[in-house]
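Just below is one structure, and these are the notes that go with it.
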Amino acid sequence: FSSAPAKFDNNFPAADSPDCTTAPALHTTHTKMSDEATYKLQHPGSCTGMFWRDAAAAGVDDAAAKKGGDDWPRNGALLRGTAVADGKFLKVSAWQQAGGTEFVDAAGLYMPFAQGGPLLHKQ
């Protein structure tokens, strides 16, 4: 993974690709849709983190301007938000980079719950 700024790309390769930037394998729901919770990001493979997804990638209608996603979260980052898209994506309301001490407010940022295995782990 490079340290490139946040990337919003809806043209994902096949879900079974080992590439860290691919679409997630979607097979589980993770929380009640209306409950906000905090999750720790830990990629199940060799990736050091995961880039943000946008609303279109999550399959939701959200016109919010992207905010707080100038960097991509590394393993150990904490993401706060609510489950959307039948529990397949987290709509992020705030996040804290791995090793950081403060949460940054976010809007228009999404993270899949799974990427070749569990990606987000409820805290």
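None of the values given here were measured: they were computed from a predicted structure.
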To the nearest 0.5 angstrom, please state how far the [atom1] atom of [X] sits from the [atom2] atom of [Y].
| X | Y | atom1 | atom2 | answer |
| --- | --- | --- | --- | --- |
| E36 | K91 | CD | NZ | 10.5 Å |
| R53 | K88 | CZ | NZ | 15.0 Å |
| L90 | T82 | CG | OG1 | 6.5 Å |
| K67 | L109 | NZ | CG | 10.0 Å |
| Y39 | L78 | OH | CG | 12.5 Å |
| H43 | Q115 | NE2 | CD | 4.5 Å |

Taking all non-hydrogen atoms of both residues, which atom of [X] and which atom of [Y] are closest, and how far apart?
| X | Y | value |
| --- | --- | --- |
| K122 | A37 | CE-CB, 3.7 Å |
| A58 | A85 | O-CB, 3.2 Å |
| G49 | L41 | CA-CD2, 4.1 Å |
| P44 | P118 | CD-O, 3.5 Å |
| G87 | F113 | O-CD1, 3.2 Å |
| A106 | W95 | CB-CD1, 4.3 Å |

For [Y], is there any backbone N or O sitting under 3.5 Å from a side-chain donor or acceptor partner on [X]?
| X | Y | value |
| --- | --- | --- |
| Q97 | W72 | yes |
| W52 | D70 | no |
| T48 | R74 | no |
| N75 | C47 | yes |
| D62 | A64 | yes |

V104 with L79, same ILVMFWY side-chain cluster at under 4.5 Å: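 Yes, because V104 and L79 connect within a single hydrophobic cluster, where side-chain heavy atoms sit under 4.5 Å apart.
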Close side-chain approach of K40 and L120, heavy atoms under 4.5 Å: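 They are not in contact (no side-chain heavy atoms under 4.5 Å apart), so the answer is no.
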Heavy-atom check, side chain of F89 versus side chain of V60, under 4.5 Å: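 No, too far: nothing below the 4.5 Å cut-off.
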More than 12 heavy atoms of other groups within 6.0 Å of Q123 CD: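 Yes, the 6.0 Å shell around CD holds more than 12 heavy atoms from other groups.
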